[in-house]
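Written below as structure tokens is the structure these notes are about.
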Amino acid sequence: MKIYDLSQPLNERSSFWPYYPPFEVKYIKRKAEHGVNAQYIMTSNHMGTHLDAPRHFVTAGKTIDELPLEWLCGPGVIVDLRDAMDELAVYTPQMIEQRVQVKPGDLVLLHTGWHRYADFGATPDEERYYHYHPGAHPDLVPWLLEKKIHVWGVDCVSTDHPMNLPIGRFLGKGAHGQCDKVRAKAEQKFGGKAAVDKMFPDSAYQLTHNALFPKDCIHIENLGGEIEAPELQNKRLIVGCFPWKFKGGEAAFCRTVAFLGEWKI
């Protein structure tokens, strides 16, 4: 049995979701003075590798501590989509099923290659990571529900496409204009304004959050680490997602891992 870490590092250098508070850390005790090193942190939940609970979008939804353990560790797949992904690409159920067999109840992790643009990735590019990442095609929502998937994840800042997020709709409107740049690139990619409006209507805003969380289908964002190991690609294996037992938490940082091979004691 070999264990692979699929998590991104997290510290005060990590970029954070636009308009959310950043990760802050400082020493409150030092060995020389107090005989011990101790740190204090203050942060939002939605940065680094993290798991969203239903409570993130559902007022009375399950919180992190209420998630059944069987949702968080078990049979799953890592799907290598890199050959089909570029800026603002969409991933579909067909792409997934062409590459690996997905069984009901699996943990499904999508490898788009976009983690390389994250803060500690191979080629860091914060704007590219946040503004132009791949996202879910609308067809993915009914497919995940049909497959009875409780937890899925992606190596991007969000499971939703930028055109279904503030990034493509209003981020920097009237100021830095990030959303205008994203929309222009989307229209160029998908064939104009009408095509973009059809694929990403107002009703699809934050689609994978709003449509899936009420159905107890949640996700991990910002995967990375060893997700590109060749032996993991398009394989069935055991996946584990381990958040801290955050009572009342709408999300939590998590260590996501893959177990490959026979478990020997």
Check: Lys247 main-chain N/O paired with Thr63 side-chain donor or acceptor under 3.5 Å
no
Go through the steps to decide whether Thr208 and Thr159 satisfy the test side chain to side chain donor-acceptor pair (under 3.5 Å), and finish with yes or no.
CA-CA 7 Å; Thr208 61; Thr159 54; 2.7 Å; yes
Please tell me whether Met163 and Val154 are part of a single hydrophobic cluster in this structure, the criterion being side-chain heavy atoms less than 4.5 Å apart.
no
Verdict with supporting geometry, Asn45 and His50, side chain to side chain donor-acceptor pair (under 3.5 Å)
CA-CA 7 Å; Asn45 288 327; His50 66 277; over 6 Å; no
Taking it one step at a time, do His115 and Tyr129 satisfy ring pair (Phe, Tyr, Trp, His ring centres under 6.0 Å)?
CA-CA 8 Å; His115 64 282; Tyr129 188 67; 9.0 Å; no
Report, as yes or no, whether the 6.0 Å neighbourhood of atom CD on Glu33 holds more than 12 heavy atoms from other residues, nucleotides or ligands.
no
Backbone N or O of Arg30 within a donor-acceptor pair of the His34 side chain at under 3.5 Å?
yes
Is there a donor-acceptor pair closer than 3.5 Å between any side-chain N or O of Asp160 and the backbone N or O of Leu207?
yes
So does Tyr27 get a backbone contact from the side chain of Asn37, meaning a donor-acceptor N/O pair under 3.5 Å?
no
In sequence, state the C-alpha distance, the side-chain angles, and the governing distance for Leu140 and Thr92, and then conclude on side-chain contact (heavy atoms from CB on, under 4.5 Å).
CA-CA 6 Å; Leu140 199 71; Thr92 67; over 6 Å; no
Applying side-chain contact (heavy atoms from CB on, under 4.5 Å) to His133 and His161, what does each step give before you reach the verdict?
CA-CA 7 Å; His133 61 84; His161 192 277; 5.9 Å; no
More than 12 heavy atoms from other groups under 6.0 Å of NZ on Lys215:
no
So if you build clusters from Ile, Leu, Val, Met, Phe, Trp, Tyr with side-chain heavy-atom gaps below 4.5 Å, do Ile28 and Met42 land together?
yes
With side chain to side chain donor-acceptor pair (under 3.5 Å) as the test, would you mind laying out the steps for Thr112 and Asp155 before giving the verdict?
CA-CA 6 Å; Thr112 70; Asp155 61 338; 2.7 Å; yes
For Glu231 versus Tyr4, what's the shortest heavy-atom pair and its separation?
OE2-OH, 2.6 Å
Is the NZ or CZ atom of Arg128 both under 6.0 Å from the centre of the six-membered ring of Tyr132 and within 45° of that ring's axis?
no
Hey, any chance Ile220 and Trp71 share a hydrophobic cluster, counting ILVMFWY side chains that come within less than 4.5 Å of each other, even indirectly?
yes
Report the C-alpha separation of Phe242 and Leu72 in whole Å, then their side-chain angles, then the decisive distance to 0.1 Å, and conclude whether the side-chain contact (heavy atoms from CB on, under 4.5 Å) test is met.
CA-CA 7 Å; Phe242 305 111; Leu72 303 178; 5.6 Å; no
Run the salt bridge (charged side-chain N to carboxylate O under 4.0 Å, His left out) check on Arg169 and Asp180 step by step: do they pass?
CA-CA 8 Å; Arg169 300 211 183 196; Asp180 298 322; over 6 Å; no
Determine whether more than 12 heavy atoms belonging to other residues, nucleotides or ligands lie under 6.0 Å from atom CD of Glu127.
no
Donor-acceptor under 3.5 Å (Lys147 side chain, Val102 main chain):
yes
Mind checking the SG-CG spacing from Cys156 to Asn222? Nearest 0.5 Å is all I need.
8.5 Å
CD/Glu97: more than 12 non-hydrogen atoms of other groups inside 6.0 Å
yes
By side chain to side chain donor-acceptor pair (under 3.5 Å) - contacts of Tyr91 (at least two apart):
none
One pair to check against side chain to side chain donor-acceptor pair (under 3.5 Å): Gln178 and His131. What are the steps and the verdict?
CA-CA 8 Å; Gln178 292 102 329; His131 296 172; 4.7 Å; no
Give me the atom names and distance for the closest heavy-atom approach of Glu12 to Val25.
OE1-CG1, 3.2 Å
Counting N and O atoms only, with roles assigned by atom type, does the side chain of Tyr130 sit under 3.5 Å from a partner on the main chain of Pro162, one being a donor and the other an acceptor?
no
Taking atom CD1 of Ile78 and atom CG of Leu110, what is their separation to the nearest 0.5 Å?
10.0 Å
Give a yes or no on whether Lys181 atom NZ has more than 12 heavy-atom contacts from other residues, nucleotides or ligands under 6.0 Å away.
no
With no hydrogens and no angle check, do the side chains of Gln233 and His111 hold a donor and an acceptor under 3.5 Å apart?
yes
Without swapping roles, check the side chain of His150 against the backbone of Ile218 for a donor-acceptor pair under 3.5 Å.
no
Nearest atoms (heavy-atom pairs only) where Ser7 meets Cys254
OG-O, 3.9 Å
Could you tell me whether the side chain of Glu250 and the main chain of Arg55 form a donor-acceptor pair under 3.5 Å?
no
Any donor-acceptor pair under 3.5 Å linking the side-chain atoms of Glu126 with those of Tyr117?
no
Partner residues of Arg13 under the salt bridge (Lys or Arg N to Asp or Glu O under 4.0 Å) criterion, sequence neighbours left out:
none
Ignoring hydrogens and angles, tell me if any N or O in the side chain of Asp5 forms a donor-acceptor pair with the backbone of Val257 under 3.5 Å.
no
If every non-hydrogen atom of Asp65 is compared with every non-hydrogen atom of Lys245, which pair is closest and at what distance?
CB-CG, 4.0 Å
Inspect the contact between Asp106 and Lys148 and indicate whether a charged nitrogen and a carboxylate oxygen are less than 4.0 angstrom apart.
no
Can the ring centres of Phe246 and Phe253 be said to be less than 6.0 Å apart?
no
